[in-house]
Number of protein chains: 2
Amino acid sequence: MPTIRDIARQSGYSVSTVSRVLNHQKYVSKPAQQAVEKVIKALDYVPNSLARDLSFGQNKNIGVVLPHNDHPYFNQLLNGIMDAAFTSGYHIVLLPSEYNQTVELDYLEQLKRKNFSALIFTSHGLPLSVLAQYAQYGQIVCCEDTGDYHLSAVYSNREPAYLAAFKHLATLKVRQIAILLSRNLEQSPTSSAIMAAYQQVFHHKPAEKLVIGGMTSFNDGYQAAKTLHARQSDIDCFFTNGDDIATGVRQYYLDQGLTSPLLFGQENQLSSFLLQFPTIDHHFFTVGQKAFEVALSTEHQKFSFESELIVPK
Amino acid sequence: MPTIRDIARQSGYSVSTVSRVLNHQKYVSKPAQQAVEKVIKALDYVPNSLARDLSFGQNKNIGVVLPHNDHPYFNQLLNGIMDAAFTSGYHIVLLPSEYNQTVELDYLEQLKRKNFSALIFTSHGLPLSVLAQYAQYGQIVCCEDTGDYHLSAVYSNREPAYLAAFKHLATLKVRQIAILLSRNLEQSPTSSAIMAAYQQVFHHKPAEKLVIGGMTSFNDGYQAAKTLHARQSDIDCFFTNGDDIATGVRQYYLDQGLTSPLLFGQENQLSSFLLQFPTIDHHFFTVGQKAFEVALSTEHQKFSFESELIVPK
DNA sequence: ATGAAAGCGCTAACAT
DNA sequence: ATGTTAGCGCTTTCAT
C-alpha cells in the first residue's frame with residue numbers, strides 16, 4: 001500500500017502539498033493539484049484512516065449501548081439513531097450490554113481510550129454517578145432523565161401520558177387491571193412511572209399478583225395472559241408494554257373461546273391500529289435522531305419529548 | 001491525558017518496558033512491573049486505542065452492510081453476528097446501504113482505508129465482481145452463494161426447501177398461488193430460487209399478476225392481500241416471504257368476512273406456530289454467527305446451511 | 001531484563 | 001504556493 005510519502009516522492013511535491021490536495025485545502029496550484037492527483041490515481045492510493053484518526057486525536061465512531069434484546073424500544077431508537085447517522089460521516093457501533101455492569105464499564109473505558117468519540121446509552125445497569133465520571137472523556141447521552149447529573153439526556157417524558165392512560169381506563173370503569181412490564185418490577189424508571197400514575201388515579205397500588213415483568217414479545221404476552229387468567233379470572237384490562245404483547249394477550253383469550261379483555265398497548269405499532277385499541281407513542285425514532293445529534297455536540301444538553309396517548313375513536 | 005512516555009518517565013523505566021507491562025509480555029522483572037503499574041494507577045493512565053490501531057496496522061471493527069429495513073432476515077442475521085462478536089473483542093459497525101451502490105462502494109473504500117478489518121454483506125446492490133476487487137484489502141463475507149468469485153460466503157441453501165414447499169402445496173391441490181416477495185421481482189437470487197422451484201413443480205411460471213414484491217411487514221401483507229384479491233378472487237394460497245406477512249394476508253381476509261386462503265410463511269416466526277401454517281426456517285441466526293467467525297479468519301471460505309421446511313401436523 | 005530508536009501514515013505549525 | 005519537520009501515542013526490532 002502506497003503512503004502519502006510515495007505520492008509526494010513520485011509527484012515531485014512535498015508531503016504537505018499532497019495532504020492539502022487530499023483535504024481540498026487552499027493554497028495548491030492547479031499544476032500541483034493535477035500532478036498529485038495523477039500519481040494518486042496511478043498508484044491507487046487512499047489515505048489510511050487509522051493514521052488520520054491518530055493524528056486528529058479521535059475517530060468517527062459513536063458507540064450505542066443496548067441490552068441486545070428485541071424490544072421495539074431499542075429497534076425504534078436504533079433506527080432513529082441510524083437515520084441521523086446515515087449522512088453524518090459517523091458510524092454506529094453496536095455495544096450489547098446484556099444489562100451487565102462489567103460490560104458497560106468496559107465500554108466506558110473504551111471511550112476513555114478514544115475508541116469512540118461519544119457513547120449513547122439506550123439503557124444502563126450502571127448508576128448514573130458512574131457514567132458521569134466518564135463524561136470528561138467524551139459526550140455521553142442517556143435516553144432517560146439524568147436529573148442533576150452532568151450527562152446529556154434525550155428521552156420521552158412518559159408520566160403525563162401514563163396518567164392520561166389510566167384516567168382513560170378509569171372512565172371506562174375498568175376494575176381489574178393487569179400490568180405487563182418490560183423488565184422486572186422495580187428496576188426501571190419506566191416501571192416506577194407506571195406504578196405512580198396508576199396509584200395517582202386509583203388511589204391504591206396495583207395488585208401485586210396482576211403485575212408481571214420481562215415482556216418482550218407476542219409470545220410473552222400470550223403466556224402472561226395464560227398465567228394471570230389462571231390466577232384471577234375476572235381481569236377486565238391488560239395494560240401492556242407493547243402493542244404486540246397486548247396482541248398476544250388477546251390471542252390467548254380468543255384461543256380459549258373467551259372474549260378479550262380491554263387491551264392497552266405501547267409503542268404505537270401496527271397491531272393497535274388494526275385491532276383498534278389504545279396505545280402510547282413514545283416517539284422513540286425521534287428520540288434516537290436527537291440522541292445522535294446531541295452525541296456529536298460537545299456540550300451537555302437535555303431534551304425531552306412528550307409521550308402521546310392515542311385512543312382510537 | 002498521560003501517555004506511555006509519562007509513565008516511562010515517572011516510573012524510571014523506558015517506554016518499551018512500560019509497553020511490555022501493558023501487554024503482559026515476558027521479560028519484565030517484578031520490581032519493574034510493580035513500579036510501572038503503580039504509576040499507571042496513580043496517573044489514571046489508559047493506552048490510546050487510535051495509536052495502538054495505527055501501530056498494529058488495523059482496528060477491531062467489522063462492518064456489517066445492511067439495507068436498513070426491518071425485515072426479520074436482517075434482524076436475525078444481525079443477532080447472530082452480534083452474538084458471535086460479543087466475546088470476541090471485536091465491534092460491529094452498522095453500515096446502512098439502502099441498496100445504494102454508491103454507498104456500498106464507499107464502504108468498500110473504507111475497508112481499503114483500513115477503517116474496518118472485515119466487511120459482512122448481508123445483501124448488496126453492487127455486483128459480486130466489484131466486491132471481489134476489494135477482497136485484497138480485508139475479508140469480505142457475503143450472505144449468499146458467491147459462486148466462483150473469490151469472496152467468502154455463508155448462507156442458507158434455499159432451493160431444496162422451496163422445492164419441498166411447492167411440492168407440499170401441489171399435494172394439497174392448490175391452484176391459484178399468489179407469491180409475495182421481499183424485493184422487486186428479478187432483483188434477488190432468492191426471488192429467482194422461488195420462481196425456479198415453482199416452475200419445476202408446476203411446469204409453468206407463476207402468473208405475473210399474482211406476484212408482488214417489496215413486502216416487509218404485517219401491513220404490507222394486509223395491503224397485498226387487498227390488492228391481489230381485487231385482481232383475482234379465487235386465490236387459494238399465499239406463498240409469502242415471512243410469517244408476519246402471511247398473518248397480514250390472513251387478517252385482511254378475516255376482516256372481509258372471508259375465509260383465509262392457505263398460508264405459507266418464511267422465517268419460522270411465532271405467528272406460523274400460533275396459526276399453524278407451514279413455514280421455512282432459513283437459520284439466519286446460525287448464518288450470522290458463522291459469518292462473523294469467517295470475517296475474523298484470513299482465508300476465503302464458503303459455508304452453506306440447509307433451509308428447513310416446517311409443516312405443522 | 002531493559003532501553004534506544006525507528007517506524008506506523010497522517011496533520012499542521014512554521015518557515016520560506 | 002510549497003516545503004520542512006515535529007508531533008500524534010504506541011509497538012517492535014535491535015542492542016546491550
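Labels below follow one simple rule: chain letters A, B, ... track the order of the sequence lines, proteins then strands, and each chain is numbered from 1. Only this structure's heavy atoms are used, side chains among them; waters, hydrogens and symmetry mates stay out.
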_Can you tell me if A:S14 touches the phosphate of D:dT4, counting only side-chain N or O atoms and a distance under 4.0 Å to OP1 or OP2?_
no

*Neighbours of DNA chain D within residues 48-59 of chain B, by heavy-atom distance under 4.0 Å*: B:N48, B:A51, B:R52, B:S55

*Spacing of A:I7 atom CD1 relative to D:dT2 atom P, expressed in whole Å*: 17 Å

_Given C:dA4, D:dT2, C:dG9, identify the nucleotide with an atom nearest to the side chain of B:S16._
C:dA4

*Taking atom types as modelled, find out whether A:K38 and A:S11 have a side-chain donor-acceptor pair closer than 3.5 angstrom.*
no

*asked:* Once side chain to side chain donor-acceptor pair (under 3.5 Å) is applied, what residue pairs with a partner in residues 285-296 of chain A remain, sequence neighbours excluded?
replied: A:D83-A:Q289, A:K290-A:E293

*Just checking, is any N or O donor in the side chain of B:K302 or B:T146 under 3.5 Å from an acceptor N or O on the other one?*
yes

*Interatomic distance, B:Q133 atom CD to B:L151 atom CG [nearest 0.5 angstrom]*: 10.0 Å

Protein and nucleotides 14-16 of chain D: nitrogen or oxygen contacts under 3.5 angstrom:
none

*Checking all strands, does A:V15 fall into the base, sugar-phosphate, or nothing category for heavy-atom contacts under 4.0 angstrom?*
base

_Donor-acceptor pair between B:H283 and B:S156 side chains, under 3.5 angstrom_ = no

_Spacing of B:K60 atom NZ relative to D:dC10 atom P, expressed in whole Å_ = 17 Å

*Selection from D:dT11, D:dT2, D:dC10 that lies nearest to any side-chain heavy atom of A:S29*: D:dT2

_B:L22 CG - D:dG9 C1' separation (whole Å)_ = 11 Å

_Proximal nucleotide (of C:dC10, D:dT2, D:dG9) relative to the B:R5 side chain_ = D:dG9

*Is A:T17 near enough to D:dT2 that one of its side-chain N or O atoms lies under 4.0 angstrom from OP1 or OP2?*
no

*Whole-Å distance between D:dT12 C1' and B:I4 CD1?*
11 Å

_Test item: side-chain donor near acceptor, B:Q139 and B:S152, under 3.5 Å_ = yes

*Are any side-chain N or O atoms of A:N23 and backbone N or O atoms of A:Q25, one a donor and one an acceptor, separated by less than 3.5 Å?*
no

_Whole-Å distance separating the CZ atom of A:R9 from the P atom of D:dG3_ = 14 Å

*asked:* Just the rounded figure in Å: distance from P of D:dC10 to CD of B:Q25.
replied: 14 Å

*Can A:E144 and A:H124 be counted as having a side-chain donor-acceptor contact under 3.5 angstrom?*
yes

*In terms of side-chain heavy atoms of A:Y27, which of C:dT2, C:dC10, D:dT2 is nearest?*
D:dT2

*For the residue pair B:Q301 and B:S297, confirm or rule out a side-chain donor-acceptor distance under 3.5 Å.*
yes

*Kindly state whether the ring of A:Y155 and the ring of A:F305 have centres lying under 6.0 angstrom apart.*
no

*asked:* For DNA chain D, which residues of residues 30-45 of chain B approach it to below 4.0 angstrom with any heavy atom?
replied: B:Y45

All N/O donor-acceptor pairs, side-chain side in residues 104-114 of chain B, below 3.5 Å, sequence neighbours left out:
residue: B:E104; atom: OE1; partner: B:G125; partner atom: N; Å: 2.9
residue: B:E104; atom: OE1; partner: B:L126; partner atom: N; Å: 3.0
residue: B:E104; atom: OE2; partner: B:G125; partner atom: N; Å: 2.7
residue: B:D106; atom: OD2; partner: B:Q110; partner atom: NE2; Å: 3.0
residue: B:Y107; atom: OH; partner: B:P96; partner atom: O; Å: 2.8
residue: B:E109; atom: OE2; partner: B:Y134; partner atom: OH; Å: 2.6
residue: B:Q110; atom: OE1; partner: A:H91; partner atom: NE2; Å: 3.4
residue: B:Q110; atom: OE1; partner: B:N115; partner atom: ND2; Å: 3.2
residue: B:K112; atom: NZ; partner: A:D44; partner atom: OD1; Å: 2.7
residue: B:K112; atom: NZ; partner: A:D44; partner atom: OD2; Å: 2.9

*Hey, could you give me each pair passing salt bridge (Lys or Arg N to Asp or Glu O under 4.0 Å) that has a residue in residues 16-31 of chain B? Not counting sequence neighbours.*
none

